[in-house]
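Keep in mind that this is a model prediction, so the values were computed, not measured. Atoms considered below: every heavy atom in the structure, side chains included; atoms not considered: hydrogens, waters and symmetry mates.
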Amino acid sequence: MKNTIRFSLLGLVAVFIVLLMAQIKALRNERSAALAAWQTEWTDAAGDAAKAIGARLSTAAARSADSTAAVNADSWKGPEADTSGRWSLTCSAGPDRSVSIALSDVRAWLAEDVGGRASVAYLADRDGLIVAHPSLEVVKDRKKIGDPGVGLQADHADFSALVSKGQAASLAGKSGRHICEPVPGTPWMLCLEATHKAVDAELAGFRRRRVQITLLVVGLLVTLSILLWGGLGARAGSPRLAAASVSVALLLGTVHIWKTTLNDRDLGTNLGTVIDNAGSLAEFIETDPWASGRFAGGTPPMRIPTGIYVQSIVMKGANDVDVTGLVWQRIPESLKGKVKEGITMPEATSLALSEEYRRAGDGEDVIGWRFRASLREAFAYHQYPFDQQDIWIRLWPREFDRNVMLVPDLAAYQGLEWLDLPGVAGDIILNGWNLVGSYFDYRPGNYNLNFGIREYVGEHGFPELHFNVEVARGFFGPLVSTLIPIAVISFMMFAGLLATKPGEPWGAFSSIAGMFMTLILNYGRLRDVFATNDVLYLDYFYWIGYIAAGYVAANALLCGLTAETSIVRRNQNRIPRLLYWPLILGLVFLVTVRQFR
């Protein structure tokens, strides 16, 4: 009999090893394919952005010069500051004519055309001198590639060598990934850099495969533990060592899945069409039937550039969140008198807006408001305490019934890389939560009414601008308040199991009853906090605690009722004691695999 079981376990070990190698190979292939696709997309995006910036510079120079003189790479100089302290790039547009392009405009173009495609984007000449950068101080200080504050540091010696060649090139280095593209018609290179963290975030989504690998590894370790120490070999086994090794394998597998979940943060599940640069916005406007005007009688919507800056977030209860900050709009001269300035937030149970500033600019007015909003939103808590929530702020124009579309004010942000938290204050305080990222996206609005407005535009599918802040729950708080107490109760129940003696079972029931009531009270408090229909991940821990209490109680009862030769009472209640931790930790591991697969 032992030989049959031993050979079956050896066969199971071989199956686990084969499946494990296949899963690891599949993970590597998937990551390699995803990285290659991202690299291709990133390279194409860099080339498109370089062409777009070159076209903007050439157009601006030709328009300002009012000349037919050819503009080429030798025509450009800079950066330089005039007597008023205004920094600009200079283009020679004729024998006696030069044109200045404000660096503020170039920085806005970088933000619009590059946006979320890079952690850092700037223009540099072939000597490595920075001529345009999101931080004006970098230009003022005449910094070069490799100097502090420019971008990623560890690889800049190699990257500077690539830039000096004046050709498109890319580099995967210690601190991240770098790419340079020549800007047509100029002597400069467009340089993009992305940290490894940003690249890993783009390649997120392999958690299911990693959980499967963890499941196979734990299955292999459990099988080997039983095979080596379960008394199936030539020598006498060690049941205690087998039970301990199985329990440790299950615990490590659970912790590894926790770690994988904590490290695998992405944009969330409520994604619409993410807008992170001028290209993605233009593509959306071209393809969306409402944004392009195909669903409005051929009339494109009036577009109002809108920005937002979140300064505080307070999570209140399971579905309520208070948000404060600034929101602004740029009203073009062509829309003055045609649309009413202002915004509203449909999810807000209360919204306070007060005008903070109003500036008349070149061909447009900029109006900013300070806002305080109480939002009521549906959050998903089924992975608590490893949950990540999307706090979304839906922005409607003040005249939401008209053919008016809010668009992100891309030029107002230095970049829209979501991990850099554009539009969110850097010193924001979130008790019990960690900021993950922020981004704009469009989601179609669908309503089965016209709000009593006969001329209402866009009942079905009209694009609504959302600003999203992704937050992840801090693990330490729930660990101390919930998981550690449950673990302590589990150890106390195990102590009760050890104290249970054949023929003397009744003393264990009082302690079990007390611990059982503690579990019930703690579980009730947890569900009072999360008034949701979701089954929380922590719910399973309490249910497993109930199973542990029932296991210990049943063992105590059988010890008092069964004969001394029964399997329960044999060897001083040894078998139930050995099975306790493998059973409890096995249930925890299986629940973890199910919840995070």
Quiz item: Can Gln383 and Gln595 be counted as having a side-chain donor-acceptor contact under 3.5 angstrom?
Solution: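 The answer is no; no qualifying pair exists.
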Quiz prompt | Step-by-step side chain to side chain contact (heavy atoms under 4.5 Å, CB included) determination, Leu190 to Leu192 | solution = CA-CA 7 Å; Leu190 173 64; Leu192 307 184; 4.1 Å; yes
Residues in side chain to side chain contact (heavy atoms under 4.5 Å, CB included) contact with [X], at least two apart in sequence or another chain:
{"X": "Glu41", "value": "none"}
{"X": "Thr254", "value": "Trp258, Tyr537, Val588, Phe589, Thr592"}
{"X": "Asp82", "value": "Ser84, Arg86"}

Taking every non-hydrogen atom, the tightest pair across [X] and [Y]:
{"X": "Pro408", "Y": "Ile275", "answer": "CG-CG2, 4.0 Å"}
{"X": "Ala360", "Y": "Asp365", "answer": "CA-OD1, 3.5 Å"}
{"X": "Leu110", "Y": "Ala121", "answer": "CD1-O, 4.1 Å"}
{"X": "Asp276", "Y": "Leu416", "answer": "O-CB, 3.5 Å"}
{"X": "Arg177", "Y": "Gln39", "answer": "NH1-OE1, 3.5 Å"}

First locate atom [atom1] of [X], then atom [atom2] of [Y], and finally report the distance between them rounded to the nearest 0.5 Å.
{"X": "Ser88", "Y": "Ile101", "atom1": "OG", "atom2": "CD1", "answer": "8.0 Å"}
{"X": "Ser334", "Y": "Lys336", "atom1": "OG", "atom2": "NZ", "answer": "10.0 Å"}
{"X": "Arg473", "Y": "Asn434", "atom1": "CZ", "atom2": "CG", "answer": "11.0 Å"}

Are the side chain of [X] and the backbone N or O of [Y] linked by a donor-acceptor pair below 3.5 Å?
{"X": "Asp539", "Y": "Leu536", "value": "yes"}
{"X": "Gln311", "Y": "Ile428", "value": "no"}
{"X": "Asp420", "Y": "Pro422", "value": "no"}
{"X": "Asp534", "Y": "Tyr381", "value": "yes"}
{"X": "Ser280", "Y": "Asn277", "value": "yes"}
{"X": "Asn446", "Y": "His460", "value": "no"}

How would you list, by chain and number, every residue that makes a ring-ring contact (aromatic ring centres under 6.0 Å, His included) with [X], sequence neighbours excluded?
{"X": "Phe379", "result": "none"}
{"X": "Phe476", "result": "none"}
{"X": "Tyr309", "result": "none"}

Quiz item: Does the ring center of Phe451 lie less than 6.0 Å from the ring center of Phe400?
Solution: yes
Contacts of type side chain to side chain donor-acceptor pair (under 3.5 Å), residue [X], not counting sequence neighbours:
{"X": "Glu80", "result": "none"}
{"X": "Tyr413", "result": "none"}
{"X": "Asp401", "result": "none"}
{"X": "Ser350", "result": "Ser374"}

Contact between [X] and [Y] at the side-chain level, heavy atoms closer than 4.5 Å - yes or no?
{"X": "Thr306", "Y": "Phe440", "result": "no"}
{"X": "Met302", "Y": "Arg402", "result": "yes"}
{"X": "Arg394", "Y": "Leu465", "result": "no"}
{"X": "Val139", "Y": "Val131", "result": "no"}
{"X": "Leu406", "Y": "Gln329", "result": "yes"}
{"X": "Arg370", "Y": "Ser354", "result": "yes"}
{"X": "Asn468", "Y": "Ile391", "result": "no"}
{"X": "Leu435", "Y": "Val469", "result": "yes"}

Exercise. In plain terms, say whether Asp105 and Arg107 are close enough for a salt bridge, that is, a side-chain N and a carboxylate O under 4.0 Å apart.
Key: no
Quiz prompt | Exceeds 12 heavy-atom contacts within 6.0 angstrom, atom CD of Glu355 | solution = yes
Quiz item: What do you reckon, is CD1 of Ile429 surrounded by more than 12 foreign heavy atoms closer than 6.0 Å?
Solution: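 No, because the 6.0 Å sphere around CD1 of Ile429 holds 12 heavy atoms or fewer from other groups.
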Self-check item: Counterpart residues, salt bridge (Lys or Arg N to Asp or Glu O under 4.0 Å), relative to Arg359 (two or more places apart)
Solution: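 With neighbours one apart ignored, the set is empty.
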Quiz prompt | With Tyr523, the ring-ring contact (aromatic ring centres under 6.0 Å, His included) member among Tyr540, Tyr542, Phe530, Phe541 | solution = Tyr542
Quiz item: When the ring planes of Trp396 and Tyr447 are compared, do they come out parallel, tilted or perpendicular, using 30° and 60° as the limits?
Solution: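 Ring orientation of Trp396 relative to Tyr447: perpendicular.
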Exercise. Test Trp188 against every option in Leu57, Val106, Ile130 by the side-chain contact (heavy atoms from CB on, under 4.5 Å) rule and name the one that passes.
Key: Leu57
Quiz item: Got a sec, which pairs hit salt bridge (charged side-chain N to carboxylate O under 4.0 Å, His left out) with one end in residues 302-331, sequence neighbours left out?
Solution: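 Residue pairs with at least one partner in residues 302-331: Lys316-Asp322, Asp320-Arg376, Arg330-Glu364, Arg330-Asp409.
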Quiz item: Should Trp87 and Lys140 be marked as a side chain to side chain contact (heavy atoms under 4.5 Å, CB included) after you check the CA-CA gap, both sets of side-chain angles, and the distance that decides it?
Solution: CA-CA 8 Å; Trp87 285 80; Lys140 289 181 178 180; 3.5 Å; yes
Quiz item: Does the pair Leu375 and Thr349 meet the rule for a side chain to side chain contact (heavy atoms under 4.5 Å, CB included), with working shown?
Solution: CA-CA 6 Å; Leu375 307 175; Thr349 56; over 6 Å; no
